[in-house]
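These notes are about the structure you will find just below.
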Amino acid sequence: MSGVDIAEILGRQRRFFGSGKTRDVSFRIDRLKRLKDVIRDNEDEIFRAIHADLKKSKEEIFLGEIAGLVGEIDHAVRRVRSWSKPKRVRTPLALFPGSSFIMPEPLGVVLIMGPWNYPFQLVLAPLVGALAAGNCAVLKPSELTPDTSWLIRRLIAENFEPGLISVVEGGPDVATDLLGHKFDHVFFTGGTEIGRIVAQAAAKTLTPVTLELGGKSPCIVDRQVDVECAARRIAWGKFFNAGQTCVAPDYLLVDGKVKEELLAAMRRCVIGFYGENPKESPDYCRIVNKRHFDRLSRLLDEGDIILGGETDPSDNYIAPTLINNVALHHKIMESEIFGPILPVLEFVELTQAISIVNSKPKPLALYFFSKSCKNADRVLRETSSGGGAINDTIVHVSSNTLPFGGVGDSGIGRYHGEAGFDAFSNKRAIVKRPFVLDTSFRYPPYRGKLPLLRRLMQYFG
Ligand code: NAD
C-alpha cells in the first residue's frame, strides 16, 4: 500500500475522530458489541484462517485467540462507563477553595501492529482498549500469517466505518511507511529488536508507544513441589502453540533433587497430550515458516535431547523437545527460543537460580513452582519480570484484572482490562476553582512576600 493511501486513511480517521462520535460512550459500547458479534458469527472462518497459517487445532484457537478476546470485550462493555467518568481526587489546601478531577479522554488516531503467533487476538485485544477509550485505529496484522491478516481486513471493512477502524496489510516496508506518519499512539506487539526500531521511528514524531515484547521467561522448580502437577502445567504452557507464545517458559531451572522425577513426568505428559508421534496429533501446531524452522533447528545440537528432537522441514514440524544438561554459554540460552524446545538447567541452591535469572535482561514472565510460600516470596522479591505465576504457567495472561506487559527489554506499558483503556487514554488533570477568595499574595509585585509565602507553603504544602 502506497504512502498516499496511508495518508488518505489517516485523513479519514482524523475527520471521523474530529466528528466527536467516539466521545459518546454509548457509541463505543455499540461498536464493542459489534466486534463481539463479528467474532461470534465468523468463528468458522477464524478457525479456517488460523489453521491455514499455523495448523492450530480449533480448541487451541478457541482458547488462545477467541475466549480471552471475547472476555476482554465483555469486561470493557460492562466497565467502560465507569472507566470514562471523571474521577474526583483530593485537592490540597493550598488550592482551597477548589476541586480536582482526572478526566480520561481519547488520544485520537492510534496505530496497532501485531505479530504472527496469535495473529487474530493480538491485533484485536489492543483494539478493545482503543475503542473503549474512544479512539480511531489503524490495524496492521502480521504479513507472516496472510490468511488471518486478510480475514481481519475483510471482517473490519465489512462491519465498521473505515474512519473508525482500518486495516493495512503488509510487511516491514508497509510498517515503516506507517511509522513515518504521525499517530497519537503506537501499540506494538512483536520482538525486542523490531520494538527498538518502532520506538526510534515513533520518537521522530514524538509519538508515545506501548511495546509488548518478548524475552527469555524462566521457569524455576523448587524441591518442595507437586511434581506431577508441575510437569503437566509446564508442558502445557511450553508446547501450547508449539512454544510460539511470548510468555511460554523459555528455559527450565530445576532443583537437582527433583530433576529426574520432573523430567520423567514431563515426558509422560507430552506423550499423554500429543501421543507417541506428535506429528500426527491434530492438537500440535507447526512452526510459522521456514526461516523460524531453520532458526529453531540450529538450537538442537547442544546438550542432551531426552525427548523429541525430530524435525520435518517439509511441514515446518519440530517435535516437543526437552534438552537436558544445557549450559549457560550454549546458543539456546542467548536469546528467546519462541518454539517447542525446552532447555533444562540444574541448580543446587535457589540462590543460583535467582542469579541466573538476574544475569539476563528482565523477562516478560517468570514462573516459580514450590509449596513453600517463603521461597515464592523470596523469588518474587529478588527477581523482576513483567508478570508471571506461582505454580502455573501462562495463565496470568487470561486475567482482565491483571495489567499485562513487560519491563526493561520485555516491554513498555500495559494493557488488558482497565489497563487497556488507560493505555489509550489521556488522563487530563483538572483543577476547578470558583471566583471567590482570590487572595493577593500570589500575584506580583512580590517584594516583601517571601516570609509569608514560606509560612503558607509550610502550612499548606
Ligand atoms: P516481529 O517483531 O518480527 O513482527 C511484529 C510486527 O512488526 C509485524 O507486524 C511486522 O510486520 C512488523 N515489522 C517487521 N519488521 C519491521 C520493521 N523493520 N519495522 C517496523 N515493523 C516491522 O515479531 P513476530 O516475529 O511477529 O513475533 C514474535 C515476537 O513477538 C516474539 O519475540 C514474541 O515474544 C513477541 N510477542 C510479544 C507479545 C507480548 O504480548 N508481549 C505477544 C506475542 C509475541
Side-chain angles (χ1 to χ4, degrees), residues 1 6 53-54 64-65 68-69 72 111-126 129 138-146 148-149 152-153 167-181 183 186-204 207 209-217 240-250 287-289 291-293 295-296 334-339 361-365 385-388 394 396-398 402-416 419-420 423:
M1 197 171 272
I6 290 170
D53 286 329
L54 288 156
E65 305 260 17
L69 175 59
E72 269 288 303
L111 172 63
I112 295 171
M113 291 169 54
W116 52 263
N117 61 328
Y118 292 90
F120 192 72
Q121 189 261 119
L122 288 174
V123 170
L124 297 182
V138 175
L139 313 181
K140 209 233 33 95
S142 172
E143 73 284 7
L144 300 189
T145 38
T148 313
S149 172
I152 293 174
R153 184 173 176 189
V167 179
V168 176
E169 289 187 279
D173 48 335
V174 170
T176 306
D177 205 353
L178 280 163
L179 290 166
H181 289 77
F183 285 87
V186 173
F187 189 105
F188 170 83
T189 306
T192 299
E193 287 320 311
I194 306 293
R196 263 184 244 284
I197 296 175
V198 170
Q200 280 166 8
K204 288 194 184 134
T207 302
V209 290
T210 301
L211 300 177
E212 295 287 341
L213 310 176
K216 286 186 91 58
S217 298
F240 193 87
N241 211 32
Q244 301 165 111
T245 302
C246 56
V247 287
D250 185 275
I287 305 307
V288 67
N289 61 21
R291 181 168 67 84
H292 284 282
F293 172 85
R295 177 184 64 78
L296 288 163
E334 275 170 19
S335 46
E336 184 184 9
I337 299 168
F338 216 57
K362 291 180 180 179
L364 187 58
S385 66
I394 78 175
H396 62 295
V397 170
S398 64
L402 287 174
F404 177 72
V407 56
D409 283 9
S410 57
I412 297 172
R414 290 281 185 275
Y415 77 128
H416 289 185

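Hydrogens, waters and symmetry mates play no part in the numbers below; they use all other heavy atoms, side chains included. Whatever order the structure lists them in is the order used to number ligands and atoms, beginning at 1. Given the structure is predicted, the values throughout are model-derived calculations rather than measurements.
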Fill in: Any side-chain donor near an acceptor of the partner, Y118 and T189, under 3.5 Å
no
Practice prompt. Check K140 against V168 and note the closest heavy-atom contact, atom names and distance.
Written response: CG-O, 3.0 Å
Response to the item:
For ligand 1, protein residues within the heavy-atom limit of under 4.0 Å are M113, G114, P115, W116, N117, L122, K140, S142, E143, P172, A175, L179, F188, T189, G190, G191, I194, I197, E212, L213, G214, C246, E336, F338, L364, F404
Item to complete: Taking the side chain as every heavy atom from C-beta outward, state whether I197 and F188 have any pair of such atoms under 4.5 Å apart.
Response: no
Worksheet entry | NZ/NE/NH1/NH2 to OD/OE distance under 4.0 Å, R153 and E169 | yes
Fill in: Partners meeting ring pair (Phe, Tyr, Trp, His ring centres under 6.0 Å) with F240 (sequence neighbours left out)
W236
Item to complete: Using distance alone, with no hydrogens and no angle criterion, decide if T192 and D409 have a side-chain donor and acceptor under 3.5 Å apart.
Response: no
